[in-house]
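Report on the following structure.
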Amino acid sequence: MVARRSISVLGSTGSVGCSTLDVIIDHGGADAYDVRVLTGGANAALLAQQAISVRASLAVIQNEAALPDLREALSGTGIEAAAGDAALVAAAGEGVDFCLSAIAGAAGLAPTLAAVRAGSVIGLANKESMVCAGPLVNREVARAGTRILPVDSEHSAIFQVLEHDQTHAIDRIVLTASGGPFRTFSLERMRGVTREEALNHPNWSMGTGISLDSATMFNKGLELIEADQLFPVSGERIEILVHPQSIIHSMVGYRDGSVLAQLGAPDMRTPIAYALGWPRRVSAPVEQLDFVALSRLDFEAPDELRFPALRIAREAMMAGGLAPCAMNAAKEVAATAFLDQRIPFLEIAAVVENVLEEFDHATEAASLEDVIAADRRARTHAYEIMQRRARRSA
Ligand code: NDP
Ligand code: MG
């Protein structure tokens, strides 16, 4: 009998996490994989249900107040329960064959880095790890002798069509973007959009944070920086192309004029299965594309006037150092303020830009502590700037 591969899922209760559990169960669940650790933020009921369904060894919930519920839901199952940031990082640091990193936001960095340091192969959905600390994560990956397999659909596409022994012949990467729910909105119309409108993505069903980031297009900005960190192609050679149907997930153009693209239904279970199975292709419980029903694929140039996030992210990428980390932290603060109806939609990018203008971020991050400190500084700064801007407009 072949030994089952050991796997962990960080952020299993989220959108990507649930899709990952779907793929695991489709492959046979506990009969196919030795599931070690599942982690959640606050949803103890779902975490316990998942841990039981795949017979995980350990379930960790970040929110300590949810531990009694988790313990109770797991009592008699033999599955261990733990809670808190330190327990989460310790669990992520248990070496496994494959660790799917799918916590939302900068909170995913420390657990992802712990998994890297343990030598686990990483299926990376948590793009913020590469945005906040790409050079540091890459150094630790090399030191641990492991690798990152991208799960973000665009980066999975690029990984699938990038000829890794032909990098000298790459002309450009074309990162596709749906354009989000406000693709056709004027700036004037975007001024008054609601939380519900912003979270209503035309093609993908995703967590709240990334749905809002798709509406501002900060998601594509984060992905630009993520691609710059993941692939041996300089940032200036990464183009963004709006493709409203989200069928082509990204492309690589070569100097001979060939462009290779990866296509598929907008369903995260495809890139998750690709990373999970790599280097073998395995099955995923997804629909096959019907080209006749699709009938056409459209393309548009991105508009940096209506979506300043694209310009801001490119500038942060070119500045390097801690600028992308500060950008992400400020964006998380401003995005939460919009979701809580404390600032209007267009203020999100304005706040981020103000933070970056006034932020001393030239230095490289030598350690996780440097990144965490820069993240905190940018968050404090974002709160101050939101207050200042609110006073000015009052
Ligand atoms: P969700 O918001 O749906 O899920 C986030 C997960 O992280 C949940 O398990 C949540 O727990 C947990 N979590 C939240 N905060 C914390 C914290 N402070 N500490 C530990 N765990 C926490 O997000 P998505 O699944 O949509 O996205 C996850 C990551 O994947 C993001 O980086 C996103 O950009 C990326 N991604 C997502 C895609 C998608 O289709 N959704 C596509 C490509 C990339 P709980 O719910 O229990 O509170
Ligand atoms: Mg993506």
Side-chain angles (χ1 to χ4, degrees), residues 9-22 37-51 59-67 69-70 82-89 91-92 100-112 114 122-132 150-159 175-178 180 199 201 203-214 217-227 230 240 243 246 248-250 262 264-272 275 328 331-332 335-336 339 375:
V9 184
L10 312 177
S12 65
T13 53
S15 169
V16 171
C18 288
S19 293
T20 305
L21 266 285
D22 274 359
V37 179
L38 299 183
T39 82
N43 192 343
L46 178 58
L47 180 62
Q49 185 200 318
Q50 291 179 328
V60 184
I61 194 101
Q62 188 263 341
N63 185 336
E64 294 182 31
L67 184 59
D69 286 347
L70 181 64
D85 287 316
L88 205 151
V89 170
L100 200 298
S101 159
I103 291 172
L109 172 60
T112 303
I122 309 294
L124 188 73
N126 178 254
K127 62 194 80 183
E128 292 85 354
S129 289
M130 297 317 285
V131 170
C132 299
V151 166
D152 207 345
S153 57
E154 295 78 2
H155 305 74
S156 172
I158 295 162
F159 185 78
L175 193 64
T176 53
S178 70
L199 296 182
H201 197 279
N203 306 332
W204 294 91
S205 152
M206 309 182 287
T208 306
I210 184 173
S211 295
L212 176 56
D213 288 352
S214 299
M217 291 194 80
F218 264 113
N219 181 49
K220 211 48 55 180
L222 297 176
E223 291 183 353
L224 171 71
I225 300 168
E226 181 188 14
L230 285 176
I240 294 171
H243 162 46
S246 300
I248 296 180
H249 296 303
S250 278
Q262 186 263 354
D267 188 325
M268 286 306 291
R269 290 174 295 190
T270 295
I272 290 166
N328 178 69
K331 186 273 297 172
E332 288 188 16
T336 304
L339 292 172
D375 175 281

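Atoms within each ligand, like the ligands themselves, are counted from 1 in listed order.
Residue-ligand proximity, N126 to ligand 1, at heavy-atom distances under 4.0 Å covers atoms 32 (O). Those atoms of ligand 1 with a heavy atom of A107 less than 4.0 angstrom away are 17 (C), 18 (N). Each of the atoms 47 (O) of ligand 1 lies under 4.0 Å from some heavy atom of N43.
Of the protein's non-hydrogen atoms, the one nearest atom 25 (O) of ligand 1 is V16 N, 2.9 Å. Counting only heavy atoms of the protein, atom 29 (C) of ligand 1 lies nearest to I103 O, 3.5 Å. Among protein heavy atoms, the minimum distance from atom 36 (N) of ligand 1 is reached at I210 CD1, 3.6 Å. A125 O, 3.1 Å is the protein heavy atom nearest to atom 35 (C) of ligand 1. Protein heavy atom nearest atom 6 (C) of ligand 1, with residue, atom name and distance: A102 O, 3.7 Å. Considering only non-hydrogen protein atoms, atom 4 (O) of ligand 1 sits nearest to G14 CA, 3.1 Å.
Per-atom contact check: atom 14 (C) of ligand 1 does not touch the protein, criterion being a heavy-atom distance below 4.0 Å. Distance screen at 4.0 Å: atom 47 (O) of ligand 1 has a protein heavy-atom neighbour inside the cut-off.
Looking only at distances, a side-chain donor or acceptor of Q50 sits under 3.5 Å from a matching main-chain atom of S12. Judged purely by atom type and a 3.5 angstrom limit, H249 has no side-chain atom pairing as donor or acceptor with the backbone of S156.
The CD atom of E154 sits 10.0 Å away from the CD1 atom of I240 when rounded to the nearest 0.5 Å.
Residues I210 and L222 have side chains not in contact (no heavy-atom distance under 4.5 Å, counting atoms from C-beta outward).
Across all their heavy atoms, T13 and G40 have their closest contact at OG1-CA, 3.5 Å.
Close N/O approach between E128 and ligand 1 is found [any backbone or side-chain N/O within under 3.5 Å].
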